[in-house]
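Atoms considered below: every heavy atom in the structure, side chains included; atoms not considered: hydrogens, waters and symmetry mates. Quick note on labels: first sequence line is chain A, next is B, and so on, each numbered from 1.
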Number of protein chains: 2
Amino acid sequence: MATIYDVAKRAGVSPKTVSRVLNGDAPVSQKTREAVSAAMTALGYVPSHAARSMKSHRSGLIGLITGAISNADEVAAPAGLPELFIVQGVQHVIESSRKTLLISDTGGRLDRVPALVRTFQEHRVEGILYVSDFHKPLDVSLDCQGIRKVLVNCFDDAGTPAVIPDDEGGQYALTKSVVAAGHKRIAYLTLAPGMEATRLRMKGFCKALAEAGISHDPALVMATDLYGSPGEHQLIWDTLDKFFTLDEPPTAICCGNDRLAMAVYGILRKRGIAVPEQVSVVGYDDHRLISETLYPALTTAELPYSAMGARAARLLLDLLADPLAREPDAPILVSGQVRQRSSLVAPNLDQNNVISLKGRTEI
Amino acid sequence: MATIYDVAKRAGVSPKTVSRVLNGDAPVSQKTREAVSAAMTALGYVPSHAARSMKSHRSGLIGLITGAISNADEVAAPAGLPELFIVQGVQHVIESSRKTLLISDTGGRLDRVPALVRTFQEHRVEGILYVSDFHKPLDVSLDCQGIRKVLVNCFDDAGTPAVIPDDEGGQYALTKSVVAAGHKRIAYLTLAPGMEATRLRMKGFCKALAEAGISHDPALVMATDLYGSPGEHQLIWDTLDKFFTLDEPPTAICCGNDRLAMAVYGILRKRGIAVPEQVSVVGYDDHRLISETLYPALTTAELPYSAMGARAARLLLDLLADPLAREPDAPILVSGQVRQRSSLVAPNLDQNNVISLKGRTEI
DNA sequence: ATTTCTTATGACACCGATGTCATGACACCG
DNA sequence: CGGTGTCATGACATCGGTGTCATAAGAAAT
């Protein structure tokens with residue numbers, strides 16, 4: 001590989017002059033510049049990042065730690081959407097800032113994080129982004145030896161800058177849409193209890209109902225997310241069974257994520273209940289592969305992963321640009337849109353103001 | 001950041017001795033080793049990758065170019081499965097070889113590839129993997145200036161080493177399973193014409209039928225993949241309509257990918273046709289988010305992206321380890337499994353040996 | 001005791017850039 | 001015509017490691 005000395009010799013100038021042509025940081029005569037450029041082209045010269053960063057003490061690298069890649073075959077992890085979208089958002093921002101993103105994967109094993117951090121340190125990354133697979137408290141000790149870091153999709157109680165989804169607001173807005181469509185009996189198939197998203201979204205769900213003057217009926221709320229477990233379909237089946245043997249069955253079903261909604265579609269139809277004619281269904285995540293392809297297309301709330309990644313990357317770059325910049329003192333919430341599609345319509349009620357399940361046929 | 005000189009001074013030895021402790025490449029007395037280790041710990045010393053690679057001329061970096069990350073919101077690109085799974089397979093192999101993977105994303109713009117290659121060159125990557133979003137001829141000029149490269153999910157006619165999926169074999173095996181279940185009238189909703197996968201899988205499909213003595217009926221083959229187009233559902237609807245008004249309707253439907261199968265499920269049920277009781281459905285890709293969650297679970301052929309990534313990474317490492325290693329002279333085919341799930345059962349025929357569509361109710 | 005051979009360690013140069021400082025060549029000024 | 005300033009360029013040191021070679025300190029052999 002050609003070096004700056006080779007170029008200098010060929011162009012008949014000093015290495016320093018070649019450096020000046022490269023960086024344009026000092027005047028170089030037109031003639032010299034052309035000679036140097038010609039030599040660079042002829043030799044296929046590309047400057048060495050290692051040599052540069054050694055002298056400048058600036059690597060231009062940003063490290064990102066994720067489990068997205070190795071987790072990808074459990075693509076529907078608890079919260080539903082692969083955190084890869086976060087990486088996408090990060091990538092866009094970092095790349096347009098002329099820095100290079102170094103992505104490392106935990107391979108699903110948190111005990112490997114220290115080794116990844118060490119690799120980042122060897123490369124003298126200027127900042128680190130830690131991306132969690134779903135919204136939760138940080139579950140790994142992340143000692144970065146003074147390197148600036150930003151958490152994405154997780155948070156700690158040490159005040160580390162963090163960017164998280166606005167789960168409460170998202171479910172609130174989505175539920176309001178369901179209410180606005182005229183529904184009063186709204187069931188909710190939640191994600192696993194104990195998850196941050198479950199708690200926050202329930203809060204948003206209840207808030208929207210309360211504002212609409214609809215009393216909260218515990219019989220309409222069930223946790224059903226069991227990804228990977230063979231019993232999941234049975235559980236959803238039984239849960240729906242309970243709902244539809246109530247005196248006043250639900251006219252709309254909120255699902256903890258789009259994947260659950262996909263399962264619900266299948267089971268409802270198996271039981272001869274038409275979506276959306278007899279029951280409306282909404283999801284969460286806006287996992288477009290699902291929400292756009294399901295028939296009918298799914299109304300859902302966007303989990304703004306890409307925007308979160310972009311926000312986190314921008315935050316990190318800002319912190320790096322100004323060493324005195326104050327870190328935000330609370331996690332930054334990023335909100336998503338409600339995506340209206342055809343699975344949500346006005347309820348179809350009979351004269352008793354109860355869902356009309358006539359014409360139902362088990363197929 | 002502490003340097004090897006700081007450590008040396010603190011331990012009262014020369015930098016070279018510290019280097020020896022770090023690399024263990026020459027004998028160091030027990031006492032010295034301990035003093036040096038203590039100093040390293042006290043100073044939080046981490047060696048500089050830049051300085052090391054400069055001297056050794058070995059960066060330990062492998063570059064990977066993909067559109068997977070920025071493409072992620074078009075997660076169901078033509079061939080169906082996000083090529084991210086390829087990256088996952090690569091990551092596993094590279095990481096266990098003590099090298100570091102540098103991932104760059106095209107942002108969907110092929111004209112940015114040269115810039116990415118240049119960045120890789122600056123970092124002196126030892127090899128480059130180019131990952132295509134679906135199986136096709138290489139569609140970008142990839143001038144790596146002598147850096148070893150391996151193509152994944154694509155191929156060129158210049159003999160560049162490549163790893164691609166065995167589309168023909170996959171569809172052949174899958175179709176054989178459908179035949180083995182007893183089906184003789186098998187419809188095929190193909191991917192877009194012109195795609196490598198479409199051509200090869202059709203070949204496998206026909207081969208399996210021919211071996212079973214089933215004549216190929218063109219009326220049962222239609223291209224329906226229109227991802228992102230609002231007319232897709234209508235097209236599938238109309239296509240299914242044609243199938244089921246034939247004198248001998250199909251008893252099984254092969255779909256070009258799992259996403260199409262998901263759409264077909266919805267439409268069939270809307271039309272009161274039960275899966276799998278009246279019609280069996282199979283997909284392609286084994287996109288587990290879909291195939292495991294659909295109700296009933298989907299029989300499908302695995303598109304072995306992860307294995308392809310691993311294979312390509314291993315090939316690249318082998319080529320790097322032995323500069324004289326001969327490149328394979330044809331693309332390496334990687335085969336996937338057939339995943340048997342509940343959407344495929346024996347056909348339900350009436351006394352005329354025709355599919356029984358009794359009990360059908362439009363819901 | 002002297003020579004020989006390990007073993008442990010250090011001095012020094014070098015990898016490929018760039019920052020600092022010096023200098024040569026001109027143009028412009030009075 | 002000499003003095004001053006600007007422009008273009010080069011010499012040299014340096015960043016943080018490691019390869020090469022030299023050498024001091026013991027251990028083993030004579």
Side-chain angles (χ1 to χ4, degrees), chain A residues 1-40 43-61 100 118-126 145, chain B residues 1-40 43-61 100 118-126 145:
Chain A
M1 181 65 74
T3 74
I4 202 169
Y5 296 91
D6 303 324
V7 176
K9 188 178 294 175
R10 183 172 177 120
V13 299
S14 77
K16 179 67 218 194
T17 298
V18 177
S19 170
R20 283 193 263 257
V21 171
L22 268 175
N23 299 289
D25 54 354
V28 175
S29 76
Q30 180 71 19
K31 211 179 86 187
T32 307
R33 189 193 321 280
E34 276 162 16
V36 169
S37 298
M40 292 199 300
L43 296 171
Y45 169 73
V46 177
S48 155
H49 173 88
R52 271 186 163 165
S53 75
M54 201 163 121
K55 195 82 186 47
S56 67
H57 297 282
R58 318 179 82 262
S59 66
L61 295 172
T100 300
R118 170 154 178 123
T119 301
F120 283 167
Q121 289 177 316
E122 291 184 356
H123 285 268
R124 301 290 190 263
V125 298
E126 296 171 6
Q145 311 259 4
Chain B
M1 181 64 74
T3 74
I4 202 168
Y5 295 92
D6 302 324
V7 175
K9 188 178 295 177
R10 184 172 178 121
V13 299
S14 77
K16 178 69 217 194
T17 297
V18 177
S19 169
R20 281 191 265 256
V21 172
L22 268 176
N23 300 289
D25 54 355
V28 175
S29 77
Q30 180 71 19
K31 211 179 87 188
T32 308
R33 188 192 321 281
E34 277 162 14
V36 169
S37 298
M40 291 198 302
L43 296 172
Y45 169 72
V46 177
S48 154
H49 173 86
R52 271 186 163 165
S53 76
M54 202 162 119
K55 194 87 182 55
S56 68
H57 297 283
R58 318 179 82 262
S59 66
L61 294 172
T100 300
R118 169 152 178 127
T119 301
F120 284 167
Q121 288 178 316
E122 292 184 356
H123 286 267
R124 301 292 190 261
V125 298
E126 296 172 7
Q145 312 260 5

Exercise. Just wondering, do B:Glu122 and A:Thr100 contact through their side chains at under 4.5 Å, heavy atoms?
Worked result: no
Exercise. Heavy atoms under 4.0 Å, any strand shown: does B:Arg124 hit a base, just sugar-phosphate, or nothing?
Worked result: sugar-phosphate
Seminar exercise, completed: Judged by nearest nucleotide, the residue sitting upstream toward the 5' end of DNA chain C, B:Ala26 or B:Met54, is B:Ala26
Exercise. When you check the side-chain N and O atoms of B:Thr32 and B:Ser29, is any donor under 3.5 Å from an acceptor?
Worked result: yes
Problem set entry | Separation of C:dA17 C1' from A:Met40 CE (nearest whole Å) | 14 Å
All N/O contacts under 3.5 Å from nucleotides 23-28 of chain C to the protein, with atom names and distances to one decimal?
none

Problem set entry | Minimum heavy-atom distance B:Ala8-B:Pro15, with the two atoms named | CB-N, 3.5 Å
Exercise. Any side-chain heavy atom of A:Ile4 sitting closer than 4.5 Å to one from A:Tyr45?
Worked result: yes
Problem set entry | A:Thr3 side chain near A:Ser48 side chain, heavy-atom distance below 4.5 Å | no
For this session: Round to the nearest Å and state the distance from B:Glu34 atom CD to C:dA8 atom P.
Result: 14 Å
Exercise. Across all strands, who's sitting opposite C:dC29 as a Watson-Crick or G-U wobble pair, both distances under 3.5 Å?
Worked result: D:dG2
Seminar exercise, completed: Separation of C:dG16 atom P from B:Glu122 atom CD, nearest Å, is 15 Å
If you restrict it to nitrogen or oxygen atoms, what contacts under 3.5 Å exist between nucleotides 18-20 of chain C and the protein, and what is each distance?
unit_1 : atom_1 : unit_2  : atom_2 : d
C:dT18 : OP1    : A:Asn23 : OD1    : 3.4
C:dT18 : OP1    : A:Asn23 : ND2    : 3.0
C:dT18 : OP1    : A:Arg52 : NE     : 2.9
C:dT18 : OP2    : A:Ser19 : OG     : 2.7
C:dT18 : OP2    : A:Asn23 : ND2    : 3.3
C:dG19 : N7     : A:Lys16 : NZ     : 2.8

Exercise. Would you say C:dG16 has OP1 or OP2 under 4.0 Å from some side-chain N or O of A:Ser48?
Worked result: no
Exercise. Any side-chain heavy-atom pair from A:Arg52 and A:Asn23 closer than 4.5 angstrom?
Worked result: yes
Seminar exercise, completed: Here the distance between atom P of C:dT7 and atom CZ of B:Arg33, to the nearest Å, is 14 Å
Exercise. For B:His57 and D:dG17, what is the distance between atoms NE2 and P respectively, to the nearest whole Å?
Worked result: 17 Å
Exercise. How long is the line joining CZ of B:Arg58 and P of D:dT18, in whole Å?
Worked result: 14 Å
Exercise. Taking atom types as modelled and ignoring hydrogens, do the side chains of A:Ser53 and A:Ser56 form a donor-acceptor contact shorter than 3.5 angstrom?
Worked result: no
For this session: For A:Ser53, report the nucleic acid contact type (base, sugar-phosphate, nothing); a contact means any heavy atom under 4.0 Å.
Result: nothing
Exercise. Does any non-hydrogen side-chain atom of B:Gln121 lie less than 4.5 Å from one of B:Val125?
Worked result: no
Problem set entry | Spacing of A:Asp6 atom CG relative to C:dC15 atom C1', expressed in whole Å | 13 Å
Seminar exercise, completed: Between NE2 of B:His123 and C1' of C:dG16 the distance, given in whole Å, is 15 Å
Exercise. What's the shortest heavy-atom distance between A:Val36 and A:Val7, and which atoms?
Worked result: O-CG1, 4.1 Å
